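These notes are about the structure you will find just below.
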Amino acid sequence: MAKFGTGAILFSVLLQFTACVSAQLSLPNPAFLPPNASWGAVPSSGGSPNPQWTVLLGNSLYFYEAQRSGRLPSTNRVSWRNDSALNDGRDSGLDLSGGYYDAGNYLKCTFPLSFTLMSACWGALDFGKGYDMTTQTPYLDDMLRWGLDWLIKAHPSNSTLFVQVADPNYNDAYWGGDQNIPSARPSYQVNDTNPGTDVAAAASAAFAACSILYSNSTSYNSSNSSIPFYRASLQNGTYSDTLLSHAKSLWTFANQHNSTLYQDSVPAVEDTYPSSDYKDDLTFAALWMSWASNDVTLYNQTLQMYNNYGLGGSGGGLDGVFNWDGKTPGIPILATQIGSIMEEQWQGYYDLNSWQTHAETYLDGVVNGQGRAHTTNGGLLYYDGDSDEASLNPALNAAMLMTRYAPMASSPQKKWSYQSYASSQLDYVLGNNPMSVPYVVGMNPNSPQNPHSAMASGGDDISHIDTVPAQEAYVLYGAVVGGPDSHDKFWDIRSDWPETEVALDYNAPLLTLAAAHVMNDTSDPYYTTLQVGAYSKPKYHPCDAVFSCTPSLSTGAKIAMGVCLGATGLVIAGLTGYWLYLNLGNRFPSYDGVSRA
Ligand SMILES: *[C@@H]1O[C@H](CO)[C@@H](O)[C@H](O)[C@H]1NC(C)=O
Ligand SMILES: *[C@@H]1O[C@H](CO)[C@@H](O)[C@H](O)[C@H]1NC(C)=O
Ligand SMILES: *[C@@H]1O[C@H](CO)[C@@H](O)[C@H](O)[C@H]1NC(C)=O
Ligand SMILES: *[C@@H]1O[C@H](CO)[C@@H](O)[C@H](O)[C@H]1NC(C)=O
Ligand SMILES: *[C@@H]1O[C@H](CO)[C@@H](O)[C@H](O)[C@H]1NC(C)=O
Ligand SMILES: *[C@@H]1O[C@H](CO)[C@@H](O)[C@H](O)[C@H]1NC(C)=O
Ligand SMILES: *[C@@H]1O[C@H](CO)[C@@H](O)[C@H](O)[C@H]1NC(C)=O
Ligand SMILES: *[C@@H]1O[C@H](CO)[C@@H](O)[C@H](O)[C@H]1NC(C)=O
Ligand SMILES: *[C@@H]1O[C@H](CO)[C@@H](O)[C@H](O)[C@H]1NC(C)=O
Ligand SMILES: *[C@@H]1O[C@H](CO)[C@@H](O)[C@H](O)[C@H]1NC(C)=O
Ligand SMILES: *[C@@H]1O[C@H](CO)[C@@H](O)[C@H](O)[C@H]1NC(C)=O
């Protein structure tokens, strides 16, 4: 600590925030380790908990362990990972080591991390019994604390939140293992002079949601028997209080500067995770805060916020997707859930029916393919723009929202329609698609072999990402990849980050869906029925942000390209795509002008 700034010490003393490290529940002995992919080709004998869903849930959590940054504990299960980026935060006089690498690179990004932690805690509030039934709860605790403990360090004072570590342009020029990460890793903050409403609210929502999960108070248990609500058993009142104090502090900070986009304060996030709005973040955080602090007045105000901000209108957020940037579709669903669960304690005085109507307007729109929502020929929910990179993410998030909402539906027909739509999307992701590929790494022999992950690839030659090494060095078990294109085609090419990259937020909805299926599904996930070897790479090449949509290039262009790429002959990458890849980051949102909030 002496090496770091006294300012940081002063703040931590003033705030009396507890520093905590790693899992508190004892981890299983022997440890859960992913079986090899061939295991997912053998149908199980069923039962509850179903062994295949159990492994899917376990692997989905294991993915996060592979993404860890900082000093790894002795309990680390991912044998090929090493300590890394131990000096993060030094430039700001702080220890910001730890936390998670966001995706296939070595950036640490607070906005999508916050979304991921919120989503994981939300799912563990609803379907937490799925973690308990499979002895995965200690790993859940471990996974959450690894993220939350870092987020605590990233919030060293009431009005300071670190929003990114490492420079995207510089970082993306590095492709290699975790031992040689370039050491220049600047840390970027929002504060009173350069605020960020969206990111502060999102972090507040994560802390609030997780404080409810960790709370030892039974007042969060549902007294409404029509709502199946089983928190995972990891309660710890001390930790819950710590999380709640950060939630409150960030909530205040977000409201003190209630209309700023954080990329206007921190241009370095413009190329990674710029936010398209703050209104959805503020309203969503208000809901979580109302529940975490048992505040019916605040809960009641959220409907006004929602209406005043125009979040419910068509063409507004209700026509959008739920993701790290767009929280709007989650608002009426969470609001209905809180209102139903707290009805007896809060004695009404709020308009639950309006929330339920908003929720069903959104979900029915998705089911019926209204507005921007449509399905591919193979059946994947697809939004032009949002789905062009990481197509599975909007679909998985919609399935997650529907699975959660279904028990609260206003009619048995609607309940059925949400449940069956959610199943269709999850089945697609797990192999019921024209490629016969379960889009989760290491689950089945047909799973992707080339996730875009510098760590897992074992390669260190940025100009030969696809071919060096020929086979990816490590299996990144449990990672959801970006997904196929709008024609259901998937190429499994390492450099093609729109289809093959992995990310913290891509996996988040799968955690919740897998936990729900552990609870309620005795039959196997779809992939055990797949014919092994059914996957074959489609002809030509993808047409996306990496690969040129032009079918063939002129000889001159091919020669020019050879200088950059080497004449691999395997892929025909457009110069433009490659330039974008090198210069704009592995993963950036679509600049298509489509509102994502
Ligand atoms: C509860 O969490 C706190 C803070 O992380 C930790 O110090 C304590 O050991 C935990 N208690 C139990 C019983 O796990
Ligand atoms: C995969 O695991 C099974 C046991 O579950 C084992 O029989 C098989 O040899 C393993 N295959 C590989 C390639 O490691
Ligand atoms: C971790 O270190 C070992 C030993 O140096 C190395 O083989 C391995 O590739 C490293 N892992 C990563 C992800 O770079
Ligand atoms: C506040 O944040 C801005 C933007 O990140 C940064 O340039 C500035 O140095 C910060 N102020 C303090 C006092 O750290
Ligand atoms: C309420 O939740 C707590 C913590 O999860 C649990 O210990 C307790 O058994 C629950 N009570 C009821 C009535 O469900
Ligand atoms: C719950 O946590 C609080 C601290 O927030 C503690 O005082 C209390 O003893 C805990 N109760 C139980 C039953 O663990
Ligand atoms: C930080 O905010 C909390 C409430 O969120 C408040 O109680 C505390 O006094 C604030 N600390 C400082 C140093 O301003
Ligand atoms: C935003 O902050 C301003 C100034 O403090 C305040 O007047 C306004 O009511 C706030 N708006 C919301 C929606 O909280
Ligand atoms: C909820 O808000 C409505 C107006 O929007 C108001 O009439 C009602 O009194 C409020 N209820 C509570 C408990 O704050
Ligand atoms: C239980 O939840 C349902 C669905 O949201 C709601 O309609 C009902 O009013 C709630 N019942 C009680 C007793 O809280
Ligand atoms: C799970 O099954 C129980 C009955 O066993 C049912 O009450 C509940 O609604 C189901 N949950 C979901 C999410 O389908």
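Every number for a ligand or one of its atoms is a count from 1 in the order of the listing. By convention here, the first residue in the shown sequence is residue 1. The structure presented is a predicted model; accordingly, all values stated were derived computationally and were not measured.
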TODO: For side chain to side chain donor-acceptor pair (under 3.5 Å), just list the numbers for D325 and S276, CA-CA rounded to whole Å, side-chain angles, deciding distance to a tenth of an Å, and then say yes or no.
DONE: CA-CA 7 Å; D325 186 28; S276 51; 2.7 Å; yes
TODO: Check ring-ring contact (aromatic ring centres under 6.0 Å, His included) between W491 and all other residues, then give those that pass, not counting sequence neighbours.
DONE: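 Applying ring-ring contact (aromatic ring centres under 6.0 Å, His included) to W491 gives none.
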Task: L117 vs F207 side-chain heavy atoms within contact, under 4.5 Å - done: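 Answer no - side chains too far apart.
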TODO: Report yes if the side chains of W324 and F111 come closer than 4.5 Å at any heavy-atom pair, otherwise no.
DONE: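 Counting from C-beta outward, W324 and F111 do come under 4.5 Å.
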TODO: Evaluate whether atom NZ of K248 has more than 12 neighbouring non-hydrogen atoms of other residues, nucleotides or ligands under 6.0 angstrom away.
DONE: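 No, the 6.0 Å shell around NZ holds no more than 12 heavy atoms from other groups.
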Task: Set of residues that line ligand 8, where lining means a heavy atom lies under 4.0 Å from it - done: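 Protein residues near ligand 8 are N258, Y309.
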TODO: Examine H257 together with F253 and report whether their ring centres are nearer than 6.0 Å.
DONE: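 Between H257 and F253, the centre distance is under 6.0 Å.
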Task: N or O contact, N300 vs ligand 9, cut-off under 3.5 Å - done: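 Yes, since at least one N or O of N300 sits under 3.5 Å from an N or O of ligand 9.
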Task: Heavy-atom donor-acceptor pair, N59 side chain to Y477 backbone, under 3.5 Å - done: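 Side chain of N59 to backbone of Y477, a donor-acceptor pair under 3.5 Å: no, none is there.
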Task: Polar atom proximity, W39 to ligand 2 (N or O, under 3.5 Å) - done: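 Between W39 and ligand 2 (N or O atoms, distance only) the closest approach is not under 3.5 Å.
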- [ ] Heavy-atom contacts with S38 under 4.0 Å: which atoms of ligand 2 show up? List them by number with element.
- [x]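 Heavy-atom distances to S38 below 4.0 Å select 1 (C).
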